[in-house]
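Every value quoted in this text rests on a predicted model; they were computed, and no experiment measured them. All ligand and atom numbering here is 1-based and tracks the order in the structure.
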Amino acid sequence: MSSPALDTLDLGDPDTFADHDLDAFWRRLRDTAPMHWNPPADGRRGFWVLSRYDDIVATYRDNANFTSERGNVLVTLLEGGDAGAGRMLAVTDGHRHHELRKILQRVLSPRVLNEVAQTVRANTRQWIREAVESGGCDFAEQIASRIPMTTISNLLGVPEQDREFLLSLTKTALSTDDEDVDEVDSEMARNEILMYFMEVVEERRDSPGDDVISMLVGSSIDGAPLSDEDVVLNCYSLIIGGDETSRLTMIDCVRTLAVETGQWRRLKHGEVAVDTAVDEVLRWASPTMHFGRSVVRETELHGVTLRPGEIVTLWHASGNRDERVFERPGDFDLGRTPNKHLAFGYGPHFCLGSYLAKVEISELLQALRDFTTGFEQTDEALPIRSNFLTGFSTLPVRFLPDHSGLKEVLQ
Ligand code: HEM
């Protein structure tokens with residue numbers, strides 16, 4: 001793969017990420033053009049590109065000069081807005097964001113998620129054990145696809161028989177591994193998810209359960225109950241926010257550990273704390289390459305005046321490799337501390353599902369450590385095409401069983 005020139009590369013085009021290794025590009029941007037202008041291309045507007053860790057953090061924190069209400073990813077920012085603005089948590093600001101976040105925080109807090117975490121543990125251990133005993137599998141398909149979707153479906157009370165269908169939609173909604181699938185297909189998938197939840201919300205209004213949807217149906221902000229649309233949009237945001245991001249991180253984790261055998265041995269022999277390892281897995285994968293904001297008030301950065309309406313994109317793909325903040329950023333080091341990575345964003349919109357995502361990755365690492373002595377990738381992994389997410393949709397692996405670990409746990 002080639003390393004492209006600064007002015008020829010279009011970060012709005014999903015193919016850019018499939019066709020180039022961007023490590024050297026990001027380093028050049030951080031060093032020489034921290035305030036880079038991605039010019040208009042293919043009918044898309046131009047936008048600012050921030051690549052340094054400190055600039056990304058400062059922009060995430062600054063909700064006076066920047067807003068999420070006109071979209072928070074390139075797809076919606078470039079279209080001129082997000083249909084969920086002011087109603088879906090991630091694209092709502094100010095007082096309503098604060099109140100809605102309090103409601104959703106109640107169901108995603110570590111205390112409340114204790115039972116969900118136990119189920120993640122039981123499922124992950126069972127699925128890894130089965131894969132190890134059968135010698136290998138497509139890790140992406142057979143394990144990484146199941147963990148987050150099962151977890152969020154349990155939270156939302158999505159019936160077993162609907163989960164495959166929802167998974168097929170979320171796989172198309174934000175990214176694809178198929179060149180024939182375009183933005184229209186993705187938009188249709190997003191609409192189908194919304195329609196699906198519309199029906200579920202109606203059902204839960206008639207007969208509530210103890211799931212998150214029923215809780216949202218019974219919630220109010222400033223005395224006004226959440227509307228069906230509000231509930232649907234926030235269910236959508238949980239499923240979209242929690243499925244593919246966690247899935248891609250787990251796939252990247254196994255793919256990386258298969259080659260980083262020294263790091264794998266440190267994990268296997270208990271030389272690194274699992275929680276510390278989880279953060280490095282997240283920094284390394286950085287599955288959401290960017291988020292973005294729109295300028296609401298004229299402001300200045302690196303001597304450049306940003307004008308209201310302009311789009312500013314914040315690239316975790318670069319910030320998480322910024323040598324101004326991370327020592328040896330190009331090394332995958334499971335013992336890395338401190339590790340204040342940006343995988344979950346920063347500031348008022350910091351990821352609400354971070355605890356759940358960490359539980360999932362932690363259980364994966366523990367199951368791998370307990371049941372295998374090692375593993376290897378047996379065939380090519382298929383990369384996804386997206387300007388937002390990065391990672392792979394397949395990962396054929398062979399596992400080497402740890403017989404004593406497998407036996408111990410059976411007793
Ligand atoms: C590895 C997995 C994950 C990654 C890398 C990730 C990343 C992020 C990032 C970077 C943001 C900030 C967006 C912004 O500032 O515009 C965010 C927000 C959010 N995430 Fe996650 N996420 C993950 C897992 C999850 C899970 C499991 C859930 C839910 C179950 C979830 C739900 C949300 C929600 C609701 C928001 C919006 C928060 C707000 O606007 O206040 N995420 N996520």
Side-chain angles (χ1 to χ4, degrees), residues 56-57 59-63 66-77 82 84-94 96-110 112-113 116-117 120 144 147-156 158 170 174 212 216 233-253 278-294 312-317 319-320 341-362 364 388-391:
I56 295 172
V57 165
T59 308
Y60 266 135
R61 288 165 86 144
D62 182 356
N63 54 359
F66 301 97
T67 180
S68 298
E69 293 211 341
R70 294 180 208 150
N72 70 339
V73 291
L74 272 172
V75 170
T76 48
L77 285 161
D82 190 311
R87 296 188 297 170
M88 187 163 81
L89 187 69
V91 284
T92 299
D93 282 328
R96 195 170 174 84
H97 174 257
H98 184 73
E99 295 300 307
L100 196 52
R101 195 169 159 105
K102 272 201 306 204
I103 294 174
L104 283 161
Q105 236 157 5
R106 283 206 295 271
V107 290
L108 291 173
S109 73
V112 176
L113 287 179
V116 175
V120 171
I147 297 172
M149 190 48 109
T150 307
T151 311
I152 303 165
S153 298
N154 285 344
L155 263 178
L156 295 176
V158 170
T170 60
L174 296 183
V212 170
L216 287 174
L233 284 165
N234 284 290
C235 292
Y236 167 85
S237 130
L238 289 178
I239 212 140
I240 284 281
D243 173 42
E244 192 159 13
T245 47
S246 309
R247 173 153 41 93
L248 292 172
T249 308
M250 287 189 267
I251 296 167
D252 192 71
C253 171
V278 167
D279 275 313
E280 182 66 346
V281 165
L282 281 156
R283 182 188 77 91
W284 196 253
S286 296
T288 54
M289 288 189 286
H290 78 269
F291 271 97
R293 300 289 187 260
S294 296
V312 178
T313 52
L314 320 174
W315 291 83
H316 304 160
N320 276 342
H341 62 78
L342 297 169
F344 292 126
Y346 196 90
H349 287 279
F350 182 81
C351 178
L352 210 57
S354 63
Y355 170 76
L356 200 54
K358 283 186 169 192
V359 165
E360 291 171 344
I361 301 162
S362 167
L364 169 65
F388 170 50
L389 295 167
T390 182

Strictly distance-based, threshold 3.5 Å: is any side-chain N or O of [X] a donor or acceptor partner for the main-chain N or O of [Y]?
| X | Y | value |
| --- | --- | --- |
| H316 | S286 | no |
| T92 | M88 | yes |
| D93 | S68 | yes |
| T313 | G292 | no |
| N320 | W315 | no |
| N234 | L89 | yes |

Using side-chain heavy atoms (C-beta onward) and a distance below 4.5 Å, is M149 in contact with R247?
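With C-beta onward as the side chain, the pair stays apart.
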Taking the side chain as every heavy atom from C-beta outward, state whether L104 and L216 have any pair of such atoms under 4.5 Å apart.
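L104 reaches L216 side chain to side chain.
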Contact between ligand 1 and S246 is defined here as a heavy atom of the residue under 4.0 Å from a ligand atom; is it met?
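The answer is yes: ligand 1 sits under 4.0 Å from a heavy atom of S246.
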Mark the output for V73 as yes if a heavy-atom distance to ligand 1 is under 4.0 Å, and as no if none is.
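The answer is no, since V73 has no heavy atom less than 4.0 Å from ligand 1.
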So, regarding [X] and ligand 1 (criterion: nitrogen or oxygen to nitrogen or oxygen, under 3.5 Å), is there a contact or not?
| X | answer |
| --- | --- |
| H349 | yes |
| N72 | yes |
| R293 | yes |

Numbering the atoms of ligand 1 from 1, which are under 4.0 Å from a heavy atom of [X]?
| X | answer |
| --- | --- |
| H97 | 39 (C), 40 (O), 41 (O) |
| G345 | 10 (C) |
| P348 | 41 (O) |
| L282 | 1 (C) |
| H316 | 10 (C) |
| Y60 | 15 (O) |
| T249 | 1 (C) |
| P287 | 5 (C) |

Which one of [options] has a non-hydrogen atom at the shortest distance from [atom]?
| atom | options | value |
| --- | --- | --- |
| atom 41 (O) of ligand 1 | R247, H98, R101 | R101 |
| atom 21 (Fe) of ligand 1 | A285, S354, G71, C351 | C351 |
| atom 31 (C) of ligand 1 | A343, G353, G347 | G353 |

So which protein heavy atom does atom 30 (C) of ligand 1 come closest to, and at what separation?
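It is L356 CD2, 3.8 Å.
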Of the protein's non-hydrogen atoms, which lies at the shortest distance from atom 11 (C) of ligand 1, and what is that distance?
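It is F344 O, 3.8 Å.
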Mind running side-chain contact (heavy atoms from CB on, under 4.5 Å) on I240 and E244 for me, showing each step along the way?
CA-CA 7 Å; I240 284 281; E244 192 159 13; over 6 Å; no
Go through the steps to decide whether R283 and E280 satisfy the test salt bridge (charged side-chain N to carboxylate O under 4.0 Å, His left out), and finish with yes or no.
CA-CA 5 Å; R283 182 188 77 91; E280 182 66 346; 2.9 Å; yes
What do the steps show when you test L389 against M289 for side-chain contact (heavy atoms from CB on, under 4.5 Å), and what is the final call?
CA-CA 6 Å; L389 295 167; M289 288 189 286; over 6 Å; no
